[in-house]
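Contents: one structure, followed by commentary.
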Amino acid sequence: MTGRSHPTAVVDLDALAQFGGGPPAHEELRRRNLAAVCANYRSAGARYVVVSGMVETAEQRTAYGDCLAGCDVQVVRLATPPGLVERRTAGTVRGPAWELSAALASHERIERAGLEDFSASNDRPLAEVAQEVVGRAGWIA
């Protein structure tokens, strides 16, 4: 998107709630930060905001959508086969509570929930996946 001169911001949901030692209200903090960061990016001229993170419930989808006031929100599920998730995460350093089996179970729940507007297969080169997503979202022709 930026390579085509489309002012685009990128937000990582996990990064919006990295806060230790405080109360365990990470989801509320994440939503408040998402609303603030999105508003800041839009006031700086962003026409598109890509938000990366897991949406596991209909309530989360609605809450995150509410944070993106004035945006045409589309949820895209990046579908990655379990074997590829295993290969991509083998040998990487993850948080102490991260477990492959829990991650795979979470992805299975998200797939069954069907909260996305569309999905894209994430077993191809990144540029191909990105091209499909922005095309299907209607961002570029």
Side-chain angles (χ1 to χ4, degrees), residues 1-82 84-141:
M1 295 294 293
T2 55
R4 293 184 179 194
S5 299
H6 297 293
T8 306
V10 178
V11 178
D12 180 337
L13 284 178
D14 287 339
L16 294 178
Q18 291 183 353
F19 178 69
H26 291 103
E27 188 60 30
E28 176 61 26
L29 180 62
R30 182 178 288 116
R31 288 193 304 267
R32 287 193 343 247
N33 285 341
L34 177 60
V37 167
C38 181
N40 287 338
Y41 278 133
R42 296 209 46 218
S43 70
R47 291 189 51 222
Y48 303 93
V49 180
V50 176
V51 180
S52 172
M54 291 198 313
V55 178
E56 300 185 67
T57 66
E59 293 78 17
Q60 271 186 329
R61 180 188 167 123
T62 298
Y64 291 147
D66 290 347
C67 295
L68 302 168
C71 293
D72 174 25
V73 176
Q74 296 182 57
V75 175
V76 180
R77 183 173 56 83
L78 296 179
T80 308
L84 184 54
V85 172
E86 257 184 274
R87 287 192 303 278
R88 285 182 177 172
T89 58
T92 60
V93 177
R94 309 292 274 183
W98 189 86
E99 294 179 10
L100 177 61
S101 60
L104 293 173
S106 176
H107 284 284
E108 189 176 308
R109 283 192 309 276
I110 290 169
E111 184 175 355
R112 278 196 315 266
L115 301 170
E116 69 274 3
D117 292 299
F118 64 91
S119 65
S121 177
N122 192 21
D123 59 356
R124 303 169 284 154
L126 177 60
E128 286 180 28
V129 177
Q131 184 68 35
E132 178 184 349
V133 169
V134 298
R136 290 183 69 189
W139 285 8
I140 58 174

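Start at 1 with the first residue, then count along the sequence. What you see is a predicted model; the values in this text were computed from it and never measured.
Without hydrogens or angle criteria, Gln60 side chain to Glu56 main chain gives a donor-acceptor distance under 3.5 Å. The backbone N or O of Asp117 lies less than 3.5 Å from no partner atom in the side chain of Gln74, so there is not a single donor-acceptor pair.
You'll find the side chain of Leu78 reaches within 4.5 Å of the side chain of Val129, heavy atoms only. With a 4.5 Å cut-off on side-chain heavy atoms, Arg61 and Val55 count as touching. Two residues are said to be in side-chain contact when any heavy atoms from C-beta on lie closer than 4.5 Å; Met1 and Pro7 fail this criterion.
Between Arg4 and Ile140, the shortest heavy-atom contact is NH1-CD1, 3.1 Å. Residues Met54 and Ser106 approach most closely at CE-OG, 3.5 Å, considering heavy atoms. Contact record, Arg136 with Ser119: NH1-O, 2.7 Å, taken as the closest heavy-atom pair. The nearest pair of heavy atoms linking Val133 to Ala120 is CG2-CB, 3.9 Å. The two atoms that bring Leu16 and Val37 nearest to each other are CD2-CG2, 4.0 Å, heavy atoms only. Across every non-hydrogen atom of Val11 and Tyr41, the tightest pair is CG2-CE1, 3.8 Å.
Taking CZ of Arg42 as the reference point, atom CG of Asn40 lies at 12.0 Å (rounded to 0.5 Å). How far CZ of Arg32 is from CD of Glu27: 12.0 Å, rounded to the nearest 0.5 Å. Taking CD of Gln18 as the reference point, atom CG of Leu13 lies at 11.5 Å (rounded to 0.5 Å). To the nearest 0.5 Å, atoms CG (Leu104) and CZ (Arg109) are separated by 11.0 Å. Here the straight-line distance linking atom NE2 of His26 with atom CG of Asp14 works out to 11.0 Å at 0.5 Å rounding.
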Inset, instruction - With side chain to side chain contact (heavy atoms under 4.5 Å, CB included) as the test, would you mind laying out the steps for Phe118 and Arg77 before giving the verdict? - result: CA-CA 7 Å; Phe118 64 91; Arg77 183 173 56 83; over 6 Å; no
Legend entry - Stepwise side chain to side chain contact (heavy atoms under 4.5 Å, CB included) test for Tyr64 and Val75: CA-CA 10 Å; Tyr64 291 147; Val75 175; over 6 Å; no
Inset, instruction - Determine, step by step, whether Cys67 and Cys38 satisfy the side chain to side chain contact (heavy atoms under 4.5 Å, CB included) criterion, reporting the C-alpha distance in whole Å, the side-chain angles of both residues, the deciding distance to 0.1 Å, and the verdict. - result: CA-CA 8 Å; Cys67 295; Cys38 181; over 6 Å; no
Legend entry - Leu34 and Leu68: CA distance, side-chain angles, deciding distance, side chain to side chain contact (heavy atoms under 4.5 Å, CB included) verdict: CA-CA 8 Å; Leu34 177 60; Leu68 302 168; 4.0 Å; yes
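Annotation: Arg47, atom CZ; neighbour count of heavy atoms from other residues, nucleotides and ligands within 6.0 Å does not exceed 12.
Note on ring orientation: taking the six-membered ring where Trp is involved, the planes of Trp139 and Tyr48 are tilted (angle from 30° to 60°).
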